2 protein chains.
Amino acid sequence: MARPHLTETEIQSFRSEASEAALSMIGEDGVSQLSLRRLAKRLGCSYAKPYTYFRDKEHLLDAVRGRAFGHLADYMTAALAAPPSGPFGAPYLQFAFDHPEAFRLMFELRQEYMSPETREAQARAWKACTQAFHDAVAAGVLEGDPELIAHVAWAALHGLASLALANQLYLGKSVEEVAEGLEAVMDGFRPLHARGGAKWLS
Amino acid sequence: MARPHLTETEIQSFRSEASEAALSMIGEDGVSQLSLRRLAKRLGCSYAKPYTYFRDKEHLLDAVRGRAFGHLADYMTAALAAPPSGPFGAPYLQFAFDHPEAFRLMFELRQEYMSPETREAQARAWKACTQAFHDAVAAGVLEGDPELIAHVAWAALHGLASLALANQLYLGKSVEEVAEGLEAVMDGFRPLHARGGAKWLS
DNA sequence: GTTGTTAAATTAACATTGTCAAGAAAAATT
DNA sequence: AATTTTTCTTGACAATGTTAATTTAACAAC
């Protein structure tokens, strides 16, 4: 009885290479231009080889999303590490505008499937985004349930980024203006003595 | 030299019928299942007929989006008309959860094209959503620039709806909890004497 | 090393799709 | 009625996701 020829690392290696290449292609031409044939050509393999490593295209895209969430986690971690109490929201918007196609893929409104691995990468990104809120509450800069504050702030930020990317901000309000408004709103989470203090967006 | 056989109303009639049927099919099976062949079968015409009325599939989807925005406008108008100063945000979330596929189509992060007609329908929907904010500011229930308040509130609401539809609300926070948080945050727009007053979400 | 067996990769093939060209049918003008 | 123009349908093509068939490569036993 012959055992599998491919080692686990070889499998992971191909999956990584494929999803990273796919992410890169998506960044260049958008997700609608990604086909398995084109990806295979880029990888230098036949168009059917990915089917050995991914159940179908949806599972491949899931892996790509996982990588993208990983990148977001790294990006947020790095951005928030630098200044000890820097702005919270700006890096998230920055990521969205710097990598619009990746952002679109990650937060597509229609997602057929999400693997535990991708869920995990997503949770890492979430943690990186929200750590600052925990710190701020601990330091007395914000007050309330940090997770709840984070969800509210993130929903607002994410809505802003989404509407801007979908080109659906209306009637003469720019991203900057709305961000200013969010800024003012988040002030409600600050204890009275800290109102109008350090910005969390810019 | 023969003049066009189709009257403008006939053209509009087919376009309406086609986009309404398409919207309905999308509501049933999702946008990924909509093909021109299936739509044509439903309409009882050949699969190429739509090309006489729409430049390509993207233009058809644009028309469908226009109809969907029209429905949203009607829905919000009706919902906000009933109680003179009812909750602002709840109907929007309701629409999103009642018509998830339509919502997904309308706010898809990747939109290739938007016609002036669709832009207009979108503006109507936006107006219906924001009228309540203008009223509230006029009545002294909220204070500030109504358009800015509306943008901020809408960004937050929209982010919440999007994350919920994409199944990306994290780690034990429900839509209701985050909505509660938004509620608290919007309190920041209320004049001091009105804080903790009428809810705008539920 | 040869040989048999199993896994992996490639190619062939199929169904579906968007799109367009060529022809058929219908309608309007003469 | 004849002609011309418009609309509609059918046929065709290329691209895509996917699976089946086939070839190639890796391992095990001898």
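We name chains A, B, ... by the order of the sequence lines, and we start the count at 1 in each one. What you see is a predicted model; the values in this text were computed from it and never measured.
- In this model, the phosphate group of D:dC8 is not approached by any side-chain N or O of B:Y51 to a distance below 4.0 Å at OP1 or OP2.
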Taking N or O atoms only and anything under 3.5 Å, show me the protein contacts with nucleotides 11-13 of chain C, one pair per line.
| from | atom 1 | to | atom 2 | distance (Å) |
| --- | --- | --- | --- | --- |
| C:dA12 | N7 | A:Y47 | OH | 2.8 |
| C:dA12 | N6 | A:Y47 | OH | 3.3 |

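- Contacts with DNA chain D (heavy atom under 4.0 Å) in residues 108-115 of chain B: none are found.
- Under the salt bridge (Lys or Arg N to Asp or Glu O under 4.0 Å) criterion, the residue pairs touching residues 22-36 of chain B are B:E28-B:R42, with sequence neighbours excluded.
- If you check residues 13-36 of chain B against DNA chain C, the residues with a heavy atom closer than 4.0 Å are B:L34, B:S35, B:L36, listed by number.
- With sequence neighbours left out, A:R37 forms a side chain to side chain donor-acceptor pair (under 3.5 Å) with no residue at all.
- Within the structure, every pair that satisfies the ring pair (Phe, Tyr, Trp, His ring centres under 6.0 Å) test and touches residues 33-59 of chain A, not counting sequence neighbours, is listed here: A:F14-A:Y53, A:H59-A:Y113.
- Across all strands, B:F54 comes closer than 4.0 Å to no nucleic acid atom at all (heavy-atom distances).
- Shown here are the side chain to side chain donor-acceptor pair (under 3.5 Å) partners of A:R55, two or more places apart in sequence or in another chain: there are none.
- Remark: A:R38 is in phosphate contact with D:dT16, judged by side-chain N or O atoms under 4.0 Å from OP1 or OP2.
- Applying the side chain to side chain contact (heavy atoms under 4.5 Å, CB included) rule to A:V137 yields the partners A:L142, A:P146, A:I149; only residues at least two apart in sequence or on another chain are considered.
- With sequence neighbours excluded, no residue forms a side chain to side chain donor-acceptor pair (under 3.5 Å) with B:E58.
- Applying the salt bridge (Lys or Arg N to Asp or Glu O under 4.0 Å) definition to pairs two or more places apart or across chains, those involving residues 88-107 of chain A are A:E101-A:R104, A:E101-B:R110.
- By the side chain to side chain donor-acceptor pair (under 3.5 Å) test, A:E17 pairs with no residue at all, sequence neighbours left out.
- Among pairs with a residue in residues 67-76 of chain A, those fulfilling side chain to side chain donor-acceptor pair (under 3.5 Å) read A:E20-A:R67, at least two apart in sequence or across chains.
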